[in-house]
2 protein chains.
Amino acid sequence: MVYSVAMNRSPRKEREWKEREARILEVARRLLREHGYLGLKMDEIASEMEYSKGTIYQHFSSKEDVIMELAVQTIEKRLELMARASEYRGRPRERVAALGVAVELFVRRFPDYFRVEQIIRADSIRDKTAPERQERLISCELRCMGIVTGIVRDGIATGDLTLPEFLTPEQLTFGMWSLSFGGSSIITTGHLGELGVEKPFEAIINNIQMLLDGLNWKPLSHEMDYPKTMERIAEELYSDLLADVPSF
Amino acid sequence: MVYSVAMNRSPRKEREWKEREARILEVARRLLREHGYLGLKMDEIASEMEYSKGTIYQHFSSKEDVIMELAVQTIEKRLELMARASEYRGRPRERVAALGVAVELFVRRFPDYFRVEQIIRADSIRDKTAPERQERLISCELRCMGIVTGIVRDGIATGDLTLPEFLTPEQLTFGMWSLSFGGSSIITTGHLGELGVEKPFEAIINNIQMLLDGLNWKPLSHEMDYPKTMERIAEELYSDLLADVPSF
DNA sequence: TCAGTTTTTGACAATCCGTCATTTCCCAGA
DNA sequence: TCTGGGAAATGACGGATTGTCAAAAACTGA
């Protein structure tokens with residue numbers, strides 16, 4: 001982005017500007033999904049939009065900058081789903097289950113979003129992007145962590161959970177995050193069938209359940225029908241997304 | 001690689017060929033570490049080696065092919081560390097702990113190796129590489145999984161572990177793999193300090209311990225001093241690597 | 001209508017990948 | 001030591017893509 005901040009634009013221009021930026025990202029995401037990172041070309045974005053390349057470069061300083069903004073959108077999208085989950089009324093561990101639904105739904109319903117997150121995390125694209133975007137990304141990640149850590153603390157507060165002294169709430173959050181992110185990564189890029197892993201999404205959920213059982217977070221998984229709970233949560237909170245997810 | 005297979009070379013030539021290939025990969029890895037995926041240039045590899053680019057292309061068909069071979073080396077290296085761990089004499093869960101040591105050591109001692117693995121997993125580089133290399137990669141991954149799954153089955157066989165009907169040995173392996181891979185990914189590319197996560201490597205280990213506790217895998221974490229065990233394992237099996245790992 | 005300003009454009013320089021005709025090197029045999 | 005043919009190395013080149021910028025077009029308010 002060259003100097004959009006310093007410019008004075010009429011409201012109409014401003015709106016058009018934002019609309020175009022949205023369309024750029026829309027097209028970029030589709031191309032990224034179809035052709036991957038290496039196959040994403042600025043010229044192609046431009047021609048698909050029927051604009052010239054120079055115009056794209058008024059919005060974003062580089063190809064990596066486009067990807068970075070897509071990543072910000074990604075985390076914001078997930079944040080939105082997680083926020084819904086965190087407001088579910090139930091015992092803290094049920095709300096963790098709701099988070100599980102949110103994250104799984106996110107990966108399955110928006111695979112191209114998730115893909116962007118992986119790309120960002122794999123290579124040092126960050127350096128080539130506007131610092132303002134980097135800060136937005138970190139801020140989003142902070143809020144994501146905050147939601148989970150908040151629920152963990154709730155669990156502690158209500159007495160359902162007592163963490164051992166060697167594990168902080170942040171570290172437990174980090175554990176669930178790792179399991180979820182790592183699992184999704186392996187799923188979306190691997191050949192898990194050949195490795196003998198069936199139903200990998202269920203596996204992620206169940207591993208998290210076992211982890212929480214290990215921490216003795218009440219109610220334990222055998223004291224409550226969590227699969228049922230999660231089905232209910234999915235219908236209750238995310239019915240708008242469910243139709244588009246295969247076999248959910 | 002153009003036609004190296006069909007050629008008939010003298011033993012000396014053959015040796016030189018292999019040595020050069022090793023040097024290519026060595027240089028490539030260093031450049032990858034220093035400049036990232038985008039900053040890795042075939043011309044630079046060539047000039048650093050004091051060879052011409054064409055020669056590099058006699059060994060590898062594309063830049064992605066170089067990366068792919070680095071990835072194969074990566075998994076082979078980890079496989080080697082894991083194989084050592086799997087031969088540790090002790091109860092199955094202790095051997096899982098040994099695996100934990102292996103994997104953590106791997107990520108910390110060879111961060112650039114791990115980085116390659118991430119790159120491979122993030123983007124569709126695979127398509128542009130020699131199928132023979134892809135098969136070697138999958139074969140290595142299979143053996144890695146096999147080692148872990150084998151220990152899980154040992155645990156079941158000895159009666160230390162009884163898996164719930166909703167979790168197969170492969171799924172548990174997948175869970176630990178996810179936790180470890182995801183955690184390492186987030187560590188090596190994130191800014192975890194700002195997110196309030198202290199000692200992330202310990203956190204990974206502890207989360208896995210809680211997971212195994214949740215499955216009631218004997219001896220439970222409070223029935224045995226696993227940290228001590230792991231220290232012993234590190235000294236016993238990996239003393240050759242320990243010196244180079246900061247704060248281990 | 002018109003001059004001044006903003007926005008858009010696409011030609012262009014720069015960079016890098018992968019190819020291949022040419023040159024250089026190697027070695028066996030005379 | 002010389003020589004000829006095949007193997008290996010070279011680097012100029014074509015093609016593709018990124019990012020820039022001077023010029024053209026579009027817009028604005030008077």
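For clarity, every value in this text was computed on a predicted model and none was experimentally measured. The chains referred to below are lettered A, B, ... by the order of the sequence lines, with proteins before strands, and numbering in each begins at 1.
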Under 3.5 Å side-chain donor-acceptor pair for Glu198(B) and Thr168(A): no
I'd like to know if the side chain of Gln58(B) pairs up with that of Tyr51(B) as donor and acceptor (distance under 3.5 Å, no hydrogens or angles considered). no
For Lys63(B) and Leu40(B), indicate whether the former's side chain and the latter's backbone hold a donor-acceptor pair under 3.5 Å. yes
[N] phosphate, OP1 or OP2, under 4.0 Å from [X] side-chain N/O:
X	N	answer
Arg20(B)	dA9(D)	yes
Thr55(A)	dT9(C)	yes
Gln58(B)	dA9(D)	yes

With sequence neighbours left out, the residues meeting side-chain hydrogen bond (donor to acceptor under 3.5 Å, both in side chains) with Thr188(B) are Gln118(B)
Salt-bridge contact Glu48(B)-Lys53(B) (side-chain N to carboxylate O under 4.0 Å): no
Quick test of your reading of the model: are Arg23(B) and Glu19(B) salt-bridged, counting only N-O distances below 4.0 Å? no
With respect to the side chain of Lys53(A), which nucleotide from dT18(D), dT7(C), dC17(C) is positioned closest? dT18(D)
What's the CH2-C1' distance between Trp17(B) and dA9(D), to the nearest Å? 11 Å
So which of residues 33-52 of chain A are in contact with DNA chain C, with a heavy-atom cut-off of under 4.0 Å? Tyr51(A), Ser52(A)
